[in-house]
Amino acid sequence: MKSILITGANRGLGLGFTRHYLGQGWRVYAAARKPDKSSILEKLKSDFEGYFYALKLDVGQQAEVAMLPSQLDGVTLDLAINNAGICHEENLESWSAATFASTLTTNVTGPALVAKAISPLMKPGSVLVNISSGMGSCELNINPGGGLDAYAASKAALNLLTRRLASKLEPRGVTVVAIDPGWVRTRMGGEGADLTVDESVGDITATIASLAPADTGRFMSRKGATVPW
Ligand code: NAP
């Protein structure tokens, strides 16, 4: 049975990945800040006994992230998706240290520490996916007049982290990629977004399934096309 860890699994894309891989018969470790408060995760626990495990994980809490290997009980991870993320909108006049710090903590430090904690549980052929955003492309520099500056900077940083992790984990045969999910109807994406969770998750999971070791270090769209750095 293949095993996967997903962060931010209680709603949005994270819940979509959770449902997808449960449907494929995988053993799913669904990490969330408050798993006990999620009726959805509680229901999945009873519906998929033996396949579904809910873990408590705030990716911004270093001590909690460090406990991940023991929570995972030494399982070998075939796939991990660093999905948890936050996004604040703040115009130039109201930029604040608090917003930049919390955004970078959740969107960059979190995935970095998760990768550090779980990489010993990965084997040759395992895959680590960092959920990025087109907003993190320096070349595209989408809507620079808008207020998603801390978010865009955090995803650009996550992209570089992806490349650096890819180099570090390549000798161990682990593939690391950053994937832009597109604009998706979640709490973050809003109701006017282009894609449903199922559409985005369907494309991303197909792309993940077709990854080869040579793809390591790439920044990709949900359909596998190269996104410019
Ligand atoms: P969402 O519906 O807002 O869900 C975000 C998830 O992240 C929630 O489960 C949330 O948990 C979790 N989370 C936030 N901070 C966390 C922390 N410190 N520790 C652990 N979990 C935390 O957003 P989404 O659209 O599904 O986003 C998923 C990923 O896709 C994010 O990385 C986002 O940047 C990326 N993305 C989304 C879009 C889009 O259009 N939706 C576009 C590009 C990229 P709580 O319920 O506890 O808050």
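Computation of the quantities below employed the complete heavy-atom set of this structure, encompassing side-chain atoms and omitting hydrogens, waters and symmetry-equivalent molecules. Both counts, for ligands and for their atoms, begin at 1 and track the order of listing.
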Geometric N/O contact [X] with ligand 1, under 3.5 angstrom:
X	result
T186	yes
V184	yes
A9	no
D180	no
G14	no
S133	no

Around [atom], find the nearest protein heavy atom and jot down its residue, atom name and distance.
atom	result
atom 18 (N) of ligand 1	D58 OD1, 2.9 Å
atom 10 (C) of ligand 1	R11 NH2, 3.7 Å
atom 28 (C) of ligand 1	N83 OD1, 3.2 Å

Picking from Y51, Y21, F48, what satisfies ring-ring contact (aromatic ring centres under 6.0 Å, His included) with W26? Y21

Is K34 salt-bridged to D58, going by a charged N under 4.0 Å from an acidic O? no

Answer side chain, backbone, both or neither: which part of [X] comes under 4.0 Å from ligand 1, heavy atoms only.
X	result
K34	neither
V59	both
T105	neither
P181	side chain
M188	both

Would you indicate whether the side-chain heavy atoms of L15 and V197 approach each other to under 4.5 Å? no

Tell me which one of [options] gets a heavy atom nearest to [atom].
atom	options	value
atom 44 (C) of ligand 1	S132, S102, G85, S154	S132
atom 13 (N) of ligand 1	G110, S200, G60, A84	A84
atom 38 (C) of ligand 1	G189, A31, G182	G182

I need the single residue from D180, N159, T162 that forms a side-chain hydrogen bond (donor to acceptor under 3.5 Å, both in side chains) with S132. Which is it? N159

Does any donor atom in the side chain of R218 or T226 lie under 3.5 Å from an acceptor atom in the other side chain? yes

What I want to check is whether the side chains of E170 and T216 have a donor and an acceptor closer together than 3.5 Å. no

Is the shortest distance from a heavy atom of R185 to ligand 1 less than 4.0 Å? no

T106: heavy atom below 4.0 Å from ligand 1, yes or no? yes

May I ask you to decide if the ring planes of F100 and W95 are parallel, tilted or perpendicular, using 30° and 60° as cut-offs? perpendicular

Quick note on ligand 1: atoms under 4.0 Å from a heavy atom of W183 include exactly 40 (O)

